[in-house]
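Have a look at the structure below, then the notes.
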Amino acid sequence: MNDSLFVLDSKPVSYVIGEGALAFSEKNLAQYKQAVILVDENVEKHCLPVFREKLPLFNYKGVISIQSGEQKKNLEQTVHIWNELTRMQVDRDSLLVVLGGGVVSDIGGFAAATFKRGIKSINFPTTLLGMVDAAIGGKTGIDFSNFKNQVGLFANPCSVIVDPVFLSTLEDKHWQSGFAEVLKYGLIMDRELWRMLKGKHYREIDEWSKIIIKAARDKIDIVRHDAHEKGIRKNLNFGHTLGHAIESYFLKSGKPVTHGQAIAAGMICEAWISSKVYEFECIQLEEIIEMIDLNFDRFNLDESVIPDLLDLMRQDKKVREGKLRFSLLRKLGKAVHDIEVDMKLVREGLQFYIAREKCS
Ligand code: GLY
């Protein structure tokens with residue numbers, strides 16, 4: 001083993017992360033009598049051939065393919081998976097291999113956890129977002145009635161196998177969505193990771209395996225301490241309260257933006273709010289904004305959208321008893337959660353983003 005492969009043989013989830021992770025996991029897969037692979041149509045085309053090539057001895061019963069995209073993370077596609085599992089006579093000792101990005105691991109984990117009261121699954125994320133975030137931590141579910149992740153459960157796969165080999169198939173927008181989350185780990189808990197990234201555009205980075213191991217380990221640490229998001233896991237929401245509102249706003253207006261772009265904008269606003277609540281040094285705020293601006297284009301928003309964004313935020317799952325709570329930065333590398341923030345300050349955070357002012 002070398003420092004480009006991280007192995008954590010733990011319960012309830014074991015992890016293999018880094019270069020060669022696929023080949024490393026071949027023996028582990030052999031213990032299942034029967035396995036079925038779940039993919040979406042893009043993964044089937046671009047990643048399934050790589051998976052087959054790297055695991056030539058892996059014997060599986062069939063492939064279930066679903067339509068790709070967040071809009072397809074719905075009940076209809078879940079029923080399709082359940083139907084296929086039934087048709088293939090999958091039993092409770094079988095394994096569902098979930099090969100794909102965040103949408104596939106959300107819906108696949110949900111279908112596996114509910115089929116026959118639960119069959120085993122292993123996540124093989126194929127996108128950067130999946131590798132450092134969605135495949136880790138057992139959040140599964142589908143969108144319902146226009147709300148994201150409205151129906152679902154916490155249900156862990158038995159393993160998460162992260163092999164960066166799939167990144168060569170990734171489109172730019174998917175790099176961005178994953179990179180926003182990688183930056184977030186640096187900001188909320190990992191200054192060393194931040195230092196590794198600082199001043200770089202994601203396209204210039206050549207040590208992805210190391211970065212993925214670091215970011216994924218950050219997420220593993222958090223979910224091992226707080227599987228059900230009662231405390232420290234909420235720190236992962238930094239940038240997401242405003243970010244989700246921005247994402248929903250553009251989705252509703254028929255001009256969808258990537259998750260990464262929206263979270264990047266959310267992180268700028270929430271870093272600014274943090275700097276006001278915790279009065280951290282201006283230079284740190286400038287450093288955060290510079291790094292985000294280097295990697296993400298800013299949106300052209302104007303003040304007229306602020307009321308819509310504030311309304312969308314009030315519908316967020318994080319609102320309790322009508323109060324908006326944020327995960328904020330106490331300083332660069334240290335987040336805190338459940339911080340009630342006055343609507344006036346939230347509005348000012350958005351105004352700061354729109355005006356592109358320098359910190360003062
Ligand atoms: N993506 C945030 C979490 O897993 O809690």
Side-chain angles (χ1 to χ4, degrees), residues 8 10 12-13 15 17 70 73 98 100-110 112-113 121 123-143 147-157 159-160 162 174-190 193 211-212 214-248 258-267 270 313 316-320 325-329 335-339:
L8 180 64
S10 57
V13 190
Y15 300 90
I17 304 172
E70 182 71 33
K73 201 175 87 180
V98 180
V103 170
V104 181
S105 59
D106 280 4
I107 193 171
F110 179 60
S121 65
N123 284 346
F124 288 86
T126 56
T127 61
L128 183 58
L129 180 75
M131 292 177 189
V132 299
D133 185 17
I136 299 167
K139 279 190 180 174
T140 75
I142 54 173
D143 303 339
F147 291 102
K148 236 178 125 162
N149 302 323
Q150 182 78 342
V151 177
L153 34 99
F154 285 101
N156 271 306
S159 308
V160 180
V162 177
H174 293 304
W175 273 108
Q176 283 203 345
S177 293
F179 195 61
E181 301 295 343
V182 174
L183 286 181
K184 183 190 76 183
Y185 293 114
L187 291 174
I188 65 169
M189 65 190 288
D190 191 343
L193 176 61
I211 286 168
I212 289 167
K214 239 179 152 333
R217 287 183 72 172
D218 288 338
K219 171 108 192 228
I220 293 166
D221 269 358
I222 286 194
V223 299
R224 277 160 67 95
H225 280 100
D226 178 20
H228 294 103
E229 206 172 6
K230 300 283 182 221
I232 194 173
R233 187 167 182 167
K234 294 181 189 173
N235 288 358
L236 297 172
N237 293 329
F238 172 68
H240 285 61
T241 308
L242 271 149
H244 278 158
I246 292 169
E247 198 175 358
S248 305
T258 69
H259 177 71
Q261 273 178 299
I263 298 311
M267 288 196 292
E270 294 182 20
M313 247 178 293
D316 195 290
K317 283 203 268 310
K318 293 178 276 301
V319 174
R320 295 272 160 82
R325 286 161 199 226
F326 281 77
S327 297
L328 296 179
L329 302 179
V336 281
H337 53 266
D338 278 341
I339 310 302

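Just follow the structure's listing: the first ligand is 1, and inside any ligand the first atom is 1. By convention here, the first residue in the shown sequence is residue 1.
- Of the options Glu181, Gln176, Glu70, a side chain to side chain contact (heavy atoms under 4.5 Å, CB included) to His259 is made by Glu181 and by none of the others.
- No option in Val162, Ile17, Ile136, Val98 other than Val162 meets the side chain to side chain contact (heavy atoms under 4.5 Å, CB included) test with Pro125.
- In plain terms, the two heavy atoms of His225 and Asp221 that are nearest each other are ND1-O, 2.8 Å.
- Exactly one of Ile212, Asp133, Ile211 qualifies for a side chain to side chain contact (heavy atoms under 4.5 Å, CB included) with Leu128. That residue is Ile212.
- When only interatomic distances are considered, the shortest N/O to N/O separation between Glu229 and ligand 1 does not fall below 3.5 Å.
- No more than 12 heavy atoms of other residues, nucleotides or ligands lie within 6.0 Å of CZ in Arg217, so this atom counts as exposed by the packing criterion.
- Atom 1 (N) of ligand 1 has its closest protein heavy atom at Asp133 OD1, 3.0 Å.
- For ligand 1, the atoms sitting less than 4.0 Å from at least one non-hydrogen atom of Leu236 are 3 (C), 5 (O), numbered in the order shown with element in parentheses.
- Contact annotation: for Val223 versus ligand 1, there are no heavy atoms closer than 4.0 Å.
- In this structure, Lys219 has a heavy atom closer than 4.0 Å to ligand 1.
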